[in-house]
Q: 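Sharing a structure, written as structure tokens. Questions coming.
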Amino acid sequence: MQSEPTPEAGVTVGDVVGVVERAYPPALAESWDAVGLVCGDRGEPARGILVCVDVTDAVVDAAVESGVGVVVAHHPLLMRGVTSLAADTAKGRIVHRLIRNGIALLSAHTNADRARPGVSDALAERLGVLDTAPIEPKPVAPLDKWVVMVPEGNVEQVSEAMFAAGAGSIGDYRDCSWTVVGTGQFEAQEAASPTIGEIGMRTHVDEARVEMVADRAIRASVLRALRNAHPYEEPAFDVFELADMDSDIGLGRIGSLAEPTTLREFTATVARALGNPWGIRAAGDPDMPVRTVAVCGGAGDSLIERVRGLGVDVYVTADLRHHPVDESLRVGAPALIDAGHWATEFPWCAQVAALLRSELGTPVAVFEPPTDPFGLHSFG
């Protein structure tokens, strides 16, 4: 771990959490995952940051020694349920040491796997894989398109009510809508109580056609807001379900190399680039040509079939098991490279460290020693 200059005053734990969660939104995490702030006070000063893959005793030693106020980890310390954090338990010991030394702990796991840039983007960049797209895109939240007819003088009150209910958000923008003016007509019947016009008389009104989108999950709230704000007792509106579209976020990345190579040569390139302490292993014809490459940081054998369907030459991931690899090779491409769990996720540490330095101007260090649990390696 390299020494860093004194951090700028005013950067808090909450600032660090904010930067990390904007880059790797917790909403992208799997439902079983445990991401976010584990311990620490958002109002406390950050005092510098240490980034790591796993929260080990050695990482805590380094954090305490260097006096940082935040540890940002990829793997959650408390992903599995625990019934005790007593100081004499393995994980409790770490949590107690962090709290006693005023060190906050924050994790970004499957949310960092899916985000762009994220874990697999850092791996792809390290291996020279270009022009990437997700292996398994995460669909954009399903949207409704609302089309509402409103008297010109009431457009603002209806639009603002729908915005307040959550409509009109597109990416990093809010209160988005489109309006065009036209003429509406109606004839109120005997049981009606018209805001404009008279019973039995055909009425023409200058109306605006207001369009905006909203997450399908908040449809009921938007409808309630529309009805409450609209001056008509029977508002005229349409709701269209927009087609689900894949986004550029999701698990893994697929791209291509600048120049074609062979599996033998590319395997050597991966070994040099990642520096896995126990080396890497590959399955496939050593002399086969390689141009298209898929990568997934961490355990990625669940994506093998999807990768095959994409026509990729080689897939780089970790934690590959004997039988899935054997079965995969029996039916052809892709070749498979197991480069180790820690090694395929470690490049992300530099990514998030650069982000935090840029956004906060505060000292950030990366815990360089491998935290791969396989620390003893023998080749006979």
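Since the structure is predicted, the reported quantities are computational estimates derived from the model, not experimental observations. Only heavy atoms go into these numbers, but all of them, side chains included; no hydrogens, no water, no symmetry mates.
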Q: Determine whether Trp178 and Val210 make a side-chain contact, defined as any pair of heavy atoms from C-beta on separated by less than 4.5 Å.
A: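 Side chain of Trp178 against side chain of Val210, heavy atoms only: no contact under 4.5 Å found.
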Q: Can you see whether Arg209 engages Thr179 through a side-chain donor-acceptor pair at a distance of less than 3.5 angstrom?
A: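 No - no donor-acceptor pair under 3.5 Å links their side chains.
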Q: For Thr110, enumerate each residue passing the side chain to side chain contact (heavy atoms under 4.5 Å, CB included) test, keeping only those at least two apart in sequence or located in another chain.
A: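 Ala29, Glu30, Trp32, Asp33, Asp113.
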Q: What heavy-atom pair brings Ala192 and Ile199 nearest, and what distance separates the two atoms?
A: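 Taking Ala192 first and Ile199 second, the nearest heavy atoms are O-CD1, 3.6 Å.
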Q: For the OG1 atom of Thr183 and the CE atom of Met149, what is their distance to the nearest 0.5 Å?
A: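 Going from OG1 on Thr183 over to CE on Met149, the span is 12.0 Å.
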Q: Rounded to the nearest 0.5 Å, how far does CG of Asn111 lie from CD of Glu21?
A: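 Atom-to-atom, Glu21:CD and Asn111:CG are 7.5 Å apart.
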Q: Among Thr371, Val72, Val71, which residue meets the side-chain contact (heavy atoms from CB on, under 4.5 Å) test with Cys52?
A: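 For Cys52, the side-chain contact (heavy atoms from CB on, under 4.5 Å) check succeeds only for Val71.
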Q: May I ask you to check whether over 12 heavy atoms, not counting those of Glu207, lie within 6.0 Å of atom CD?
A: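 Counting neighbours around CD of Glu207, more than 12 heavy atoms of other residues, nucleotides or ligands fall under 6.0 Å, so yes.
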Q: Does Val181 have any side chain to side chain contact (heavy atoms under 4.5 Å, CB included) partners at least two apart in sequence or in another chain, and if so, which?
A: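 Applying side chain to side chain contact (heavy atoms under 4.5 Å, CB included) to Val181 gives Glu152.
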Q: Regarding Trp342 and Asp54, do their side chains bring together a donor and an acceptor under 3.5 Å, going by distance alone?
A: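 No, no side-chain donor-acceptor pair sits under 3.5 Å.
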Q: Is any side-chain heavy atom of Leu77 less than 4.5 Å from a side-chain heavy atom of Ile94?
A: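 The answer is yes, as the side chains (C-beta and beyond) meet within the 4.5 Å cut-off.
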Q: So which heavy atom on Ala104 is nearest to which on Gly40, and how close?
A: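 Smallest heavy-atom distance, with atoms named: CB-CA, 3.8 Å.
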Q: Are any non-hydrogen side-chain atoms of Leu130 and Leu257 less than 4.5 angstrom apart?
A: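 SC-SC contact between Leu130 and Leu257 ruled out.
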Q: Find out whether Trp278 and Leu376 are in side-chain contact, i.e. whether some heavy atom of one side chain is under 4.5 Å from a heavy atom of the other.
A: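 Side-chain contact under 4.5 Å: no.
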Q: Where is the tightest heavy-atom contact between Thr292 and Gly311, given as atom of each residue plus distance?
A: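 So the two residues come closest at OG1-O, 3.7 Å.
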Q: Indicate yes or no: does Arg93 engage Asp57 in a salt bridge with an N to O separation below 4.0 Å.
A: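 Yes, charged N to carboxylate O under 4.0 Å.
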Q: Are Arg330 and Asp326 packed together at the side-chain level, in the sense that at least one heavy-atom pair is separated by less than 4.5 angstrom?
A: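 The answer is yes; the side chains approach within 4.5 Å.
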Q: Using salt bridge (charged side-chain N to carboxylate O under 4.0 Å, His left out) as the criterion, list what pairs up with Arg42, not counting sequence neighbours.
A: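 Result, salt bridge (charged side-chain N to carboxylate O under 4.0 Å, His left out) vs Arg42: none returned.
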Q: Which salt bridge (Lys or Arg N to Asp or Glu O under 4.0 Å) pairs, counting each pair once, include a residue from residues 312-322, with sequence neighbours left out?
A: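 Passing the test, one end in residues 312-322: Asp301-Arg321.
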Q: Working to the nearest 0.5 angstrom, can you tell me the gap between Ser159 OG and Glu211 CD?
A: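 Going from OG on Ser159 over to CD on Glu211, the span is 11.5 Å.
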Q: Taking all atoms of both residues into account, what is the closest heavy-atom pair of Pro347 and Leu274, and its distance?
A: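 Heavy atoms only, the tightest pair is CG-CD2, 4.1 Å.
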Q: Where is the tightest heavy-atom contact between Arg291 and Glu259, given as atom of each residue plus distance?
A: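 Heavy atoms only, the tightest pair is CD-C, 4.2 Å.
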Q: Is it the case that one hydrophobic cluster holds both Val325 and Ile135, taking links as side-chain heavy atoms less than 4.5 Å apart, direct or via other members?
A: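 Val325 and Ile135: one cluster.
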Q: With rounding to the nearest 0.5 Å, note down the distance linking CZ in Phe346 to NE2 in His74.
A: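 So the CZ of Phe346 and the NE2 of His74 are separated by 13.0 Å.
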Q: After noting the C-alpha distance and the side-chain angles of Glu241 and Arg219, does the key distance pass the salt bridge (charged side-chain N to carboxylate O under 4.0 Å, His left out) rule?
A: CA-CA 11 Å; Glu241 291 191 353; Arg219 182 182 293 175; 3.0 Å; yes
Q: Does the pair His341 and His75 meet the rule for a ring-ring contact (aromatic ring centres under 6.0 Å, His included), with working shown?
A: CA-CA 11 Å; His341 200 117; His75 290 150; 5.1 Å; yes
Q: Given side-chain contact (heavy atoms from CB on, under 4.5 Å), test Val295 with Leu127 step by step and report yes or no.
A: CA-CA 9 Å; Val295 303; Leu127 301 182; 4.1 Å; yes
Q: With rounding to the nearest 0.5 angstrom, report the OG to CD distance, Ser177 to Glu160.
A: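 Going from OG on Ser177 over to CD on Glu160, the span is 9.0 Å.
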Q: Who are the ring-ring contact (aromatic ring centres under 6.0 Å, His included) partners of Phe186, not counting sequence neighbours?
A: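 Once residues adjacent in sequence are excluded, the partners of Phe186 under the ring-ring contact (aromatic ring centres under 6.0 Å, His included) criterion are Tyr232.
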Q: If the condition is side chain to side chain contact (heavy atoms under 4.5 Å, CB included), which residues does Gln351 pass it with, not counting sequence neighbours?
A: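 If we apply the side chain to side chain contact (heavy atoms under 4.5 Å, CB included) test to Gln351, skipping adjacent residues, the hits are Tyr24, Pro117, Asp121, Ala122, Trp348.
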Q: Answer yes if Leu336 and Val270 sit in the same cluster of Ile, Leu, Val, Met, Phe, Trp and Tyr residues linked by side chain heavy atoms under 4.5 Å apart, and no otherwise.
A: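 Different hydrophobic clusters.
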Q: With distance as the sole test, does Asn154 use its side chain to make a donor-acceptor pair with the main-chain N or O of Pro231 at under 3.5 Å?
A: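 Answer holds: no.
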Q: Do Ile337 and Ile280 come within less than 4.5 Å of each other through their side chains, counting heavy atoms only?
A: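 The answer is yes, as the side chains (C-beta and beyond) meet within the 4.5 Å cut-off.
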Q: Calculate, to the nearest 0.5 Å, the distance between atoms OG and CG belonging to Ser169 and Asp175 respectively.
A: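 Those atoms lie 7.0 Å apart.
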Q: Cluster question for you: counting only ILVMFWY and a side-chain heavy-atom cut-off of under 4.5 Å, with indirect links fine, are Val312 and Val129 together?
A: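 Each belongs to a different hydrophobic cluster.
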Q: With side chains defined as the heavy atoms from C-beta onward, is the minimum distance between Leu106 and Val20 less than 4.5 Å?
A: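 SC-SC contact between Leu106 and Val20 confirmed.
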Q: Over all heavy atoms of both residues, which pair between Arg126 and Ala273 is shortest? Give the atoms and the distance, please.
A: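 Looking at all heavy atoms of both residues, the closest pair is NH1-O, 3.4 Å.
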Q: Just so I know, are the side chains of Ser358 and Leu355 near enough to count as touching, which here means a heavy-atom distance under 4.5 Å?
A: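 They are not in side-chain contact.
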